[in-house]
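Note sheet for the following structure.
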Protein chains: 2
Amino acid sequence: MRASDRAYGSLRADILEWRLPPGTLLAEVEQASRLGISRTPLREALSRLVAEGLAAAHSGRGVVVTAVSLAGVVDLFEVRLPLECAAARLAAARRDPAAFDALAERFEAAGALISSGGTDQHAYYGLVAELDAAIDEAAANPYLVQAQRQLRTHLVRARRLARDNPGRLLASAGEHRQIAEAVARGNPELAAAAVTIHLSNSLHHLQASVPGPLDA
Amino acid sequence: MRASDRAYGSLRADILEWRLPPGTLLAEVEQASRLGISRTPLREALSRLVAEGLAAAHSGRGVVVTAVSLAGVVDLFEVRLPLECAAARLAAARRDPAAFDALAERFEAAGALISSGGTDQHAYYGLVAELDAAIDEAAANPYLVQAQRQLRTHLVRARRLARDNPGRLLASAGEHRQIAEAVARGNPELAAAAVTIHLSNSLHHLQASVPGPLDA
DNA sequence: AGGCGGGGTTCTGTATACAGGAAAGCCTGA
DNA sequence: TCAGGCTTTCCTGTATACAGAACCCCGCCT
């Protein structure tokens with residue numbers, strides 16, 4: 001694997017998991033030495049992060065990790081709603097029923113697991129990512145996939161703004177089960193409605209759990 | 001201005017205007033010498049083009065200009081429809097009425113100009129770009145703007161697939177006037193409907209004017 | 001005659017050296 | 001004491017040199 005790829009993945013993970021919090025200055029020589037590579041591949045990694053919106057080039061000052069604000073999250077959901085609805089509609093029209101039936105069952109099982117207290121948040125988000133990937137694959141539209149990938153990247157970071165509690169996780173599992181079932185049934189409008197409900201609840205939970213505008 | 005920016009802009013324009021047709025191999029040394037710069041800034045430009053989807057990295061073989069297919073255009077419109085509708089809805093809700101009234105009048109004038117035979121296709125597309133920019137500004141959503149920018153880039157290239165005739169241009173001017181008027185009136189659903197009509201007609205015209213799948 | 005292997009060539013990927021510029025800090029003068 | 005300008009010191013942006021890898025072509029073996 002190329003050094004620039006490794007640097008990109010490492011920096012991206014560090015930013016997404018808040019090990020590099022918003023506002024952090026990513027100096028070239030410092031990061032290059034930290035990652036054990038030269039400035040050239042590091043610059044390529046940084047430019048990718050800038051293109052992705054995870055960092056911004058402060059002219060003459062280097063690149064800094066971009067901020068995450070509640071207002072930005074509202075903007076994010078304004079775009080996510082039509083995009084995820086479109087993806088769900090396409091997926092419902094072109095799906096493989098068995099795959100989404102299986103996912104619906106796994107969300108039901110995840111709900112039961114959450115209810116019993118055995119909440120594994122990380123594993124749950126992994127399951128959500130699997131549903132997203134299945135919808136992307138069923139939608140079979142590269143432009144849609146790319147746009148979704150961008151938005152989901154920012155979503156991962158925004159999740160840290162909210163404090164997920166078992167109650168919300170349980171509701172989320174139910175909503176995702178509804179989405180998977182609607183897609184499995186091949187009903188585009190039902191799938192879009194299920195996505196609308198889920199995103200509305202997600203945003204509402206986020207807004208409710210963040211008291212003020214935290215720019216960090 | 002930075003050399004990498006100039007190289008990026010130059011290559012991007014060359015690809016969008018088919019001076020670098022799909023399938024062209026962009027060898028680093030060749031392009032660097034052609035543009036009169038070193039390989040380092042050229043590589044940055046190429047990586048940006050790859051991120052944008054205008055070029056693809058053929059592993060170990062350099063990057064090549066990506067193909068434009070009719071199937072790809074359909075995919076493009078599948079994403080454009082929900083995104084442009086969302087933008088129109090937001091713009092209608094947050095607009096500056098005067099700006100969109102002025103744009104509506106300019107589209108009416110453009111229609112009259114097209115009818116009289118004085119068709120300046122390039123100027124007309126410039127006016128379309130102005131409306132797009134006004135909608136972006138009114139929508140005031142950076143994520144939406146970024147997603148739109150990506151799609152519109154590919155749209156510019158796809159336009160070459162169709163042979164625009166004065167009849168289609170006249171209809172397009174009328175459809176754009178409808179969009180501008182709907183936004184000016186502050187009616188989100190009307191604006192979304194106008195966008196839906198325009199995109200449906202645009203895609204239909206594209207599909208009708210391209211006989212077979214031309215990958216070029 | 002066809003397939004396979006080896007050498008050569010050319011490419012990308014990476015490291016490093018150099019130049020230009022911007023920001024911060026300090027010194028001086030009012 | 002404060003403001004302004006200068007200097008210093010980084011850091012970015014660019015060029016170039018080097019190494020590894022892939023591909024192609026030619027010759028040889030079957």
Side-chain angles (χ1 to χ4, degrees), chain A residues 1-16 19-67 142 146 149 215-216, chain B residues 1-16 19-67 142 146 149 215-216:
Chain A
M1 188 187 277
R2 295 186 301 176
S4 60
D5 288 338
R6 275 186 288 114
Y8 168 73
S10 176
L11 285 170
R12 188 173 185 273
D14 285 346
I15 293 173
L16 259 43
R19 284 190 295 267
L20 291 173
T24 304
L25 175 67
L26 301 175
E28 293 184 2
V29 285
E30 174 192 349
Q31 296 300 321
S33 72
R34 184 175 74 90
L35 297 171
I37 60 175
S38 172
R39 275 182 60 215
T40 306
L42 182 85
R43 280 177 67 84
E44 188 181 322
L46 288 180
S47 72
R48 275 205 261 177
L49 294 173
V50 169
E52 212 167 1
L54 289 176
H58 232 277
S59 173
R61 192 80 170 137
V63 305
V64 296
V65 180
T66 50
Q146 190 187 359
R149 187 186 127 84
D215 266 58
Chain B
M1 185 187 272
R2 295 186 300 175
S4 61
D5 288 338
R6 276 186 286 113
Y8 168 72
S10 174
L11 285 170
R12 188 174 185 273
D14 285 347
I15 293 173
L16 257 45
R19 284 190 296 267
L20 290 173
T24 305
L25 175 66
L26 301 174
E28 292 184 3
V29 285
E30 174 191 348
Q31 296 300 319
S33 72
R34 184 175 75 90
L35 296 171
I37 59 174
S38 170
R39 277 182 57 213
T40 306
L42 181 86
R43 279 178 66 85
E44 189 181 322
L46 288 180
S47 72
R48 274 206 262 178
L49 292 174
V50 169
E52 212 168 359
L54 290 177
H58 252 61
S59 174
R61 188 86 165 136
V63 306
V64 295
V65 180
T66 50
Q146 191 187 358
R149 187 185 127 82
D215 265 59

query: Roughly, in whole Å, what's the span from CD in B:E44 to P in C:dG13?
result: 15 Å
- request: Round to a whole Å and report the spacing from CD1 of B:I37 to C1' of D:dG13.
  value: 12 Å
- prompt: Quick one: A:E28 CD to C:dC18 C1', roughly how many Å, whole number?
  reply: 15 Å
message: Given 3.5 Å as the limit, does a donor-acceptor pair link the side chain of B:T24 with the main chain of B:V65, or not?
response: no
- request: Would you tell me if any nitrogen or oxygen in the side chain of A:T40 comes within less than 4.0 Å of OP1 or OP2 on C:dG13?
  value: no
- line: Taking D:dA15, C:dC11, D:dG13 as options, the one with an atom nearest any side-chain atom of A:R39 is D:dG13
query: Between B:Q31 (CD) and C:dC11 (P), how many Å, whole number?
result: 12 Å
query: Distance check: side-chain N/O of B:R2 vs OP1/OP2 of D:dT14, anything under 4.0 Å?
result: no
query: Hey, are B:R149 and B:Q146 close enough side-chain-wise for a donor-acceptor pair under 3.5 Å?
result: no
message: Measuring from atom CG of B:L26 to atom CG of B:L42, what distance do you get when rounded to the nearest 0.5 angstrom?
response: 8.0 Å
- line: To the nearest 0.5 Å, atom CD of B:Q31 lies from atom CG of B:D14 at 8.0 Å
task: Could you state the atom-to-atom distance from CG of B:L26 to C1' of C:dC11 in whole Å?
output: 14 Å
statement: Atom CG of A:L35 and atom P of C:dA15 are separated, to the nearest Å, by 11 Å
- request: Would you classify B:R61 as touching base, sugar-phosphate or nothing, given that sugar-phosphate means primed atoms plus P, OP1 and OP2, and contacts are heavy atoms under 4.0 Å?
  value: sugar-phosphate
query: If you measure from the Lys or Arg side-chain nitrogens to the Asp or Glu carboxylate oxygens, is any gap between A:D5 and A:R12 under 4.0 Å?
result: no
message: I need the CG-C1' distance between A:D5 and C:dT12, as an integer number of Å.
response: 13 Å
- prompt: Just to confirm, is there a sub-4.0 Å distance from OP1 or OP2 of D:dT14 to any side-chain nitrogen or oxygen of B:S4?
  reply: yes
- line: Of B:G62 and A:P41, the one whose nearest nucleotide on DNA chain C sits closer to the 5' end is B:G62
message: Can you measure B:L25 atom CG to D:dA22 atom C1' for me and round it to whole angstrom units?
response: 14 Å
